[in-house]
Participant: 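Pasting in a structure now, in structure tokens, and then I'll have a few things to ask.
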Amino acid sequence: MSQVTVTLPDGSNRAVPAGTAVRDIAESISPRLAKAALAGIVDGRLVDLAFVLEQDAAVRIVTPDHPEALKLCRHSAAHLLAAAVTSLFSGVQCGIGPPTDEGFFYDFVVPRPFVPEDLDAIEAKMRELASEDLVYERQMWPREEAKAFFAGRGEPLKVQLIDEKTEGQHEVSCYTIKDKDTFIDFCVGPHVPTTGKLKAFKLLTTSNAYWKGDARNQPMQRVYGTAFLSDKELKAYLAQVEEAKKRDHRKLGRELGLFTFHQWAPGAAFWLDNGTTLYNTLANYMREVLFPAGYVEVKTPLVFNKDLWETSGHWSHYRENMFLVESTDGEAMGMKAMNCPGHMLVFGSTVRSYRDLPLRLHEQTPLHRNEASGVLSGLTRVRQFSQDDAHCFVTQGQIEDEVERLLGLVQRVYGDFGLSYTAKLSTRPAEFLGDVATWDSAEAQLKAALQRSGQAYTINEGDGAFYGPKIDFDVTDAIGRKWQCATIQLDYQMPQRFGLKYVGADNAEHLPIVIHRAIYGSFERFIAILIEHYAGAFPLWLAPVQVMVLPIADRHLAYAASVRSQVQAASLRVQLDERQEKIGYKIREAQLQKIPYMLVVGDREIADATVAVRTRKGGDQGSKPLADFVGAARGEVASRAVDLVPSHENASV
RNA sequence: GCCGGCGUAGCUCAGUGGUAGAGCAGCUGAUUCGUAAUCAGCAGGUCGUCCGUUCAACCCGGAUCGCCGGCUCCA
């Protein structure tokens, strides 16, 4: 029998007979390794433990601590799910069942939609199959035979998949889970060796999906689940989900009196007093950032004649997302869904010189988008919102500098909120307007700006808008979730559509380029992110109520009122709790409202002209002169100190 | 928009084919208190809305609105 040489990760070689399985290599290294083994990597390719070595190869054994292991186990869990579903229900067709970032799902065509009780039954069946430690076996089927098999079993979707994915192949790869009813699925694998390796999994939810994600196709039922390599990790994940629930901005928004919704204004928030304070604080902060950076603020109309939207191109491409209204003359009007067309008119309202550029127009007025009812969700997806929008009109040669300035702004703003972020550059898509040379130049300038500012970025090839390349930013919140917020988009088309021009140094007319840019994205969505990021415990500079004065008894009211006035005079947002309640009760309420500072005042404080400072985070800090407190608090506001609630702490109480 | 689930007091939730409850919040009174809930009393809902079945509907059926989870889309 011929021998093959196996090279292990430590560089050592060993000769084994050709036909040796990866599993046997693991066994020969150590029984413990064999027991932990989930798969192998042969010459860089992930394979089953049953994979047979026919030639010299570099072999690595994949154990649970390998980066590929998680995906592998989730993929196998998806198969286990499909096996359970086909065993429990008749007339089921399987679609696809991939691993995802958070777990896995599998789509099925079923006679009736799943209900929550079905999930329990399916999960129980999965546990049963897992406990039987059934083998995942890879089988190579002749292609036509496989197609005939799936066709005969009433699974046309699988036949379609085989047709699309294995054109020109003679054999296709299938996996079985041999139960009393053998489950067979078309799949390239690899998989864990047996179902017994899957211990830490949980089904989460069912939902509707469509074959290939296209609503014109057959509706299917999707079952979501998650799986981990250890119970500990699964528990940690579920705890993380719980933590996210506690931080849910919809819940905190109500509890903290920030905003509310009413069914008569779906997708439009009512900002309550506390929320309005927060909103305004963010709006003014943005002005504070943008004005020194050379921006001017404008306000443009909310309703425009259809001609505006026809000129911008939105009438033909975006009309179904706009709220349309009619004037008394029967004139068709549309509520603005974005500011750019209005800003084009501002630019064109007077003669512009190259000396005026860059011209940076900032606007915070509300926008309306008639979003599909099913997509509305809290503050993250609404029909009325405002952006921290701006359009920078620049010359072709100013792009790089302007983008570099923008990158600096993004860094500064996210830094002030304690948010980390990543950037991605999206380049020319397959369908684009304009000429390639202009695109290349624009992309080169964006890259140069990114490099000059030291901003790390990834490239999304071909993901740019049809009118220009862009840089998008994802922020990561305190519990690790990513949100797309800021964007910087180059646009050559809009200025052209509006016939914009500026007079150059050469006394000739030139076309300006516009940079659409936003840092928050929208106030609504950004506030939602901040609420969840801070778990409702806003840093002092953002807290709607910064200080609560708590008198111990009625006789302390006058002193408390004087404390309040002095704190108020220092431009801090302060309230006085003058209810006839015990101090513990008032403290509890202020604590639940996540108010950063409580000032307790009683006989001792009156005698010493002090306040007893209590922080929401650290409890009683002892007494100090009011002026000392005010000075420190003002300093904390000015520095915009960030005070994050760690994700492992109970965020709600 | 599509699929599924849900809609009972301000909030969190019980509940039954014979016109509804609890806790918290609210109000009133008493209590004047030192760092996360003082006590007592009172009040509060045409059970999302409309239509139907029924002697009788919060409960059954249909429609509609909204919310939630997904799909698609997106700031």
Side-chain angles (χ1 to χ4, degrees), chain A residues 105 107 110 112-119 204-224 245 248 250-251 254-255 257 260-267 318 320-321 337-339 367 369-389 472-473 483-487 489 516-529 550-557 579-593 598-605 612-616 618-623 653:
Chain A
F105 66 82
D107 289 342
V110 278
R112 64 160 176 85
F114 290 127
V115 295
E117 298 78 67
D118 290 334
L119 269 194
L204 299 173
T205 178
T206 67
S207 73
N208 178 252
Y210 296 93
W211 176 238
K212 301 194 165 191
D214 189 331
R216 289 166 301 190
N217 288 342
Q218 188 164 13
M220 304 184 76
Q221 283 284 302
R222 175 169 297 181
V223 178
Y224 280 95
K245 261 188 211 162
D248 191 318
R250 293 168 298 198
K251 175 175 172 281
R254 184 176 55 243
E255 290 172 358
T260 187
F261 284 90
H262 191 277
Q263 59 167 326
W264 290 347
Y318 203 76
E320 62 281 9
N321 278 308
M338 58 282 297
N339 292 309
L367 304 175
R369 294 186 187 174
N370 195 0
E371 303 285 357
S373 57
V375 307
L376 301 178
S377 176
L379 289 178
T380 55
R381 198 67 190 278
V382 287
R383 286 183 173 151
Q384 181 191 312
F385 59 97
S386 298
Q387 295 180 321
D388 60 322
D389 201 6
D472 290 321
F473 299 81
W483 307 82
Q484 213 246 286
C485 291
T487 187
Q489 302 186 6
H516 307 253
R517 40 110 293 159
I519 301 178
Y520 294 154
S522 80
F523 283 88
E524 280 72 6
R525 182 191 173 89
F526 195 70
I527 288 172
I529 293 165
L550 306 176
I552 285 175
D554 286 356
R555 66 177 178 280
H556 309 128
L557 271 173
R579 293 176 302 175
Q580 295 179 13
E581 295 289 350
K582 288 164 72 172
I583 193 65
Y585 182 87
K586 296 183 191 175
I587 287 174
R588 178 179 155 82
E589 296 237 318
Q591 197 75 40
L592 290 174
Q593 285 296 302
M598 289 155 256
L599 301 182
V600 177
V601 294
D603 294 335
R604 296 203 293 266
E605 287 69 30
V613 178
R614 182 189 165 94
T615 66
R616 75 181 162 209
D620 191 355
Q621 305 292 303
S623 292
V653 177

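All heavy atoms count here, side chains included; hydrogens, waters and symmetry mates do not. Letters A, B, ... are given to chains in the order of the sequence lines, protein chains preceding strands, and every chain is numbered from 1.
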Participant: Measure from the side-chain heavy atoms of A:Ile552 and tell me the nearest of B:G34, B:U38, B:G1.
Facilitator: B:G34

Participant: Taking NZ from A:Lys251 and P from B:G10, how many angstroms apart are they, rounded to a whole number?
Facilitator: 20 Å

Participant: Is there a donor-acceptor pair closer than 3.5 Å between any side-chain N or O of A:Arg369 and the backbone N or O of A:Asn321?
Facilitator: no

Participant: At under 4.0 Å between heavy atoms, what does A:Gln621 touch on the DNA or RNA strands: base, sugar-phosphate, or nothing?
Facilitator: nothing

Participant: A:Leu376 has a side chain; which of B:U12, B:C67, B:G69 sits nearest to it?
Facilitator: B:C67

Participant: Nearest to the side chain of A:Asp554 - B:U38, B:U32, B:C67?
Facilitator: B:U32

Participant: Do we count A:Phe385 as stacking onto B:A75 if the rule is ring centres under 5.5 Å and planes under 30°?
Facilitator: yes

Participant: Does A:Arg254 make a side-chain N or O approach to OP1 or OP2 of B:U12 shorter than 4.0 Å?
Facilitator: yes

Participant: From the options B:U35, B:G70, B:U32, select the nucleotide whose nearest atom is closest to the side chain of A:Tyr224.
Facilitator: B:G70

Participant: Does A:Gln387 reach a base, just sugar-phosphate, or nothing at all? Heavy atoms under 4.0 Å.
Facilitator: sugar-phosphate

Participant: Please tabulate, one pair per line, all N/O donor-acceptor pairs under 3.5 Å involving side-chain atoms of residues 375-384 of chain A, not counting sequence neighbours.
Facilitator:
from	atom 1	to	atom 2	distance (Å)
A:Thr380	OG1	A:Ser377	O	3.0
A:Arg381	NH2	A:Glu371	OE1	3.0
A:Arg383	NE	A:Glu371	O	3.0
A:Arg383	NH2	A:Glu371	O	2.8
A:Gln384	OE1	A:His368	NE2	3.2

Participant: Whole angstrom is fine here: how far is it from CZ in A:Arg369 over to P in B:C73?
Facilitator: 16 Å

Participant: Can you tell me how far P in B:C55 sits from the matching atom in B:G1, rounded to whole Å?
Facilitator: 38 Å

Participant: Does B:C68 have OP1 or OP2 sitting under 4.0 Å from an N or O in the side chain of A:Arg250?
Facilitator: yes

Participant: What's A:Asn321 touching, base or sugar-phosphate or nothing? Going by heavy atoms closer than 4.0 Å.
Facilitator: nothing

Participant: How many Å lie between OH on A:Tyr585 and P on B:G34, as a whole number?
Facilitator: 17 Å

Participant: Heavy atoms under 4.0 Å, any strand shown: does A:Ala612 hit a base, just sugar-phosphate, or nothing?
Facilitator: base

Participant: According to side chain to side chain contact (heavy atoms under 4.5 Å, CB included), who are the partners of A:Arg604, at least two apart in sequence or on a separate chain?
Facilitator: none

Participant: Are there runs of at least three consecutive Watson-Crick or G-U pairs touching RNA chain B, with each pair's two distances under 3.5 angstrom? Give them by first number.
Facilitator: B:1-7 with B:65-71, B:10-13 with B:21-24, B:26-30 with B:38-42, B:48-52 with B:60-64

Participant: Give the rounded distance in Å between these two atoms: CG of A:Asp472 and P of B:C74.
Facilitator: 12 Å

Participant: For B:G70 and A:Thr205 - does any side-chain N or O of the residue sit under 4.0 Å from the phosphate oxygens OP1/OP2?
Facilitator: no

Participant: For a quick test of reading the model, state the closest non-hydrogen atom pair linking A:Gln387 to A:Phe385 and the distance between them.
Facilitator: CG-CE1, 3.8 Å

Participant: Go nucleotide by nucleotide along RNA chain B from the 5' end; which of A:Gln484 and A:Arg222 gets its closest nucleotide reached first?
Facilitator: A:Arg222

Participant: Closer than 4.0 Å, any side-chain N/O of A:Arg555 to the OP1 or OP2 of B:C33?
Facilitator: yes

Participant: Rounded to whole Å, how long is the line connecting atom CG of A:Asp107 with atom C1' of B:C71?
Facilitator: 9 Å

Participant: Taking atom P in both B:A9 and B:A14, what distance in whole Å separates the two?
Facilitator: 12 Å

Participant: Donor-acceptor check, side chain of A:Asp107 to backbone of A:Met220, threshold 3.5 angstrom: yes or no?
Facilitator: no

Participant: Looking at B:G48, B:G34, B:C74, which one has an atom nearest to any side-chain atom of A:Gln263?
Facilitator: B:G48

Participant: Would you call A:Arg579 and A:Glu589 a salt bridge, using N to O less than 4.0 angstrom?
Facilitator: yes

Participant: Whole angstroms only, please: what is the CD-P distance between A:Gln221 and B:G69?
Facilitator: 17 Å

Participant: Expressed in whole Å, how much space separates the C1' atoms belonging to B:C6 and B:C13?
Facilitator: 14 Å

Participant: Are any side-chain N or O atoms of A:Gln593 and backbone N or O atoms of A:Glu255, one a donor and one an acceptor, separated by less than 3.5 Å?
Facilitator: yes

Participant: Respond yes when some side-chain nitrogen or oxygen of A:Tyr210 is under 4.0 Å from OP1 or OP2 of B:C73, and no when none is.
Facilitator: no

Participant: Do any N or O atoms from the side chain of A:Gln621 and from the backbone of A:Ser623 form a donor-acceptor pair under 3.5 angstrom?
Facilitator: no

Participant: Are the side chains of A:Lys251 and A:Lys245 in touch, meaning some heavy atoms are under 4.5 Å apart?
Facilitator: no

Participant: Rounded to whole angstroms, how far apart are CZ on A:Arg381 and C1' on B:G1?
Facilitator: 12 Å

Participant: Mind checking the C1' distance from B:C27 to B:C59? Whole angstroms is fine.
Facilitator: 33 Å

Participant: Of all the nucleotides listed (B:U38, B:U72, B:U35), which has the minimum atom distance to the side chain of A:Lys582?
Facilitator: B:U38

Participant: Consider the side chain of A:Arg579, meaning its heavy atoms from C-beta on, and name the nucleotide among B:U35, B:G26, B:A75 that approaches it most closely.
Facilitator: B:G26

Participant: Let me know, please, whether A:Ile587 or A:Ser377 comes out on the 5' side of the other along RNA chain B by nearest nucleotide.
Facilitator: A:Ile587

Participant: Whole angstrom is fine here: how far is it from CG in A:Leu550 over to C1' in B:A36?
Facilitator: 12 Å

